[in-house]
Amino acid sequence: NAARAVDGASVLPGTIAGLVTDAEDGSAIAGATVTDGTRTTTTDGAGQYTIDDVPPGSYEILGSKEGYESSSLTVTVLEGNTAIADLPLTRIIVPGTITGTVTDAEDGSAIAGATVSDGTRTTTTDASGEYIFADVPPGTYEVTASKSGYESSSLTVTVLEGNTAVADLPLTRIIVP
């Protein structure tokens, strides 16, 4: 260990160590970058890191990895000691899209003005029978289309992160005898 002389006294550096985890499930994050502002290291396969030869003092420890929001924590390194800085990182969720066309089940023609809902959002189809829900969080949705004079129709779709799910919905005319 490198000892430094300050006013004739020997000062032992300390260490900063910790674990970088996923804030949601607590799993270790390998390959995250951790810095104290001067020294930088990368977490190992178990999400652990160590920054050696840190002079005593206060440091803002910053953890980051692509796909996650950065996280920081202030620690105080004491002479010859190890300061622990565990950093939970929150995943950046990339929303997806649900899109589709509402058509007449009999002749395939577009149905303008149909109401479409995914259980959270509601919109109306355009002149081409098309609709779109943007910024949809990943998950499974039951998409339902309805219009006066037609039976409603539903389809379950799964929106994956950053992807588009397609729910084309044919509506059957209600025949009044």
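For clarity, every value in this text was computed on a predicted model and none was experimentally measured.
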Just list the side-chain donor-acceptor pairs under 3.5 Å for residues 98-115, sequence neighbours left out, or say none.
{"unit_1": "Thr99", "atom_1": "OG1", "unit_2": "Tyr131", "atom_2": "O", "d": "2.9"}
{"unit_1": "Asp104", "atom_1": "OD1", "unit_2": "Glu106", "atom_2": "N", "d": "2.7"}
{"unit_1": "Asp104", "atom_1": "OD1", "unit_2": "Asp107", "atom_2": "N", "d": "3.3"}
{"unit_1": "Asp104", "atom_1": "OD2", "unit_2": "Tyr150", "atom_2": "OH", "d": "3.3"}
{"unit_1": "Asp104", "atom_1": "OD2", "unit_2": "Arg173", "atom_2": "NE", "d": "2.8"}
{"unit_1": "Asp104", "atom_1": "OD2", "unit_2": "Arg173", "atom_2": "NH2", "d": "2.9"}
{"unit_1": "Asp107", "atom_1": "OD1", "unit_2": "Ser109", "atom_2": "N", "d": "2.8"}
{"unit_1": "Asp107", "atom_1": "OD1", "unit_2": "Ser109", "atom_2": "OG", "d": "2.7"}

Side-chain atoms of residues 73-80: list all donor-acceptor pairs with protein atoms under 3.5 Å, sequence neighbours left out, distances to 0.1 Å.
{"unit_1": "Thr76", "atom_1": "OG1", "unit_2": "Ser58", "atom_2": "OG", "d": "3.2"}
{"unit_1": "Glu79", "atom_1": "OE2", "unit_2": "Leu12", "atom_2": "N", "d": "3.1"}

Report the C-alpha distance between Ile132 and Thr123 in whole Å, list the side-chain angles of each, state the deciding distance to 0.1 Å, and finish with yes or no for side-chain contact (heavy atoms from CB on, under 4.5 Å). CA-CA 8 Å; Ile132 186 167; Thr123 190; over 6 Å; no

Evaluate side-chain contact (heavy atoms from CB on, under 4.5 Å) for Ile16 paired with Thr82, printing each intermediate quantity in order. CA-CA 5 Å; Ile16 301 169; Thr82 298; over 6 Å; no

Verdict with supporting geometry, Thr43 and Val34, side-chain contact (heavy atoms from CB on, under 4.5 Å): CA-CA 7 Å; Thr43 58; Val34 180; 4.1 Å; yes

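Contacts classified as salt bridge (Lys or Arg N to Asp or Glu O under 4.0 Å) and involving residues 26-47 (residues at least two apart or in different chains) are given here: Asp36-Arg39. Annotation: ring pair (Phe, Tyr, Trp, His ring centres under 6.0 Å) contacts involving residues 45-90, sequence neighbours excluded, are absent.
Under the 4.5 Å side-chain heavy-atom criterion for grouping Ile, Leu, Val, Met, Phe, Trp and Tyr, Val54 is not connected to Leu19 through any hydrophobic cluster.
Residues passing the side chain to side chain contact (heavy atoms under 4.5 Å, CB included) test with Ser153, sequence neighbours excluded: Leu169, Pro170, Leu171. Contacts of Ser152 classified as side chain to side chain donor-acceptor pair (under 3.5 Å), with partners at least two apart in sequence or in another chain: none. With sequence neighbours excluded, the residues satisfying side chain to side chain contact (heavy atoms under 4.5 Å, CB included) with Ser72 are Glu60, Leu62. The side chain to side chain donor-acceptor pair (under 3.5 Å) check on Thr90 picks up nothing, with sequence neighbours excluded.
Taking CD1 of Ile92 as the start and NZ of Lys65 as the end, the distance is 12.5 Å to the nearest 0.5 Å. The CG atom of Leu87 sits 7.5 Å away from atom CD1 of Ile61, with the distance rounded to the nearest 0.5 Å. To the nearest 0.5 Å, the span separating CD on Glu142 from OG on Ser117 amounts to 9.5 Å.
Contact between Ile84 and Asp86 at its shortest, heavy atoms only, is CG2-OD1, 3.8 Å.
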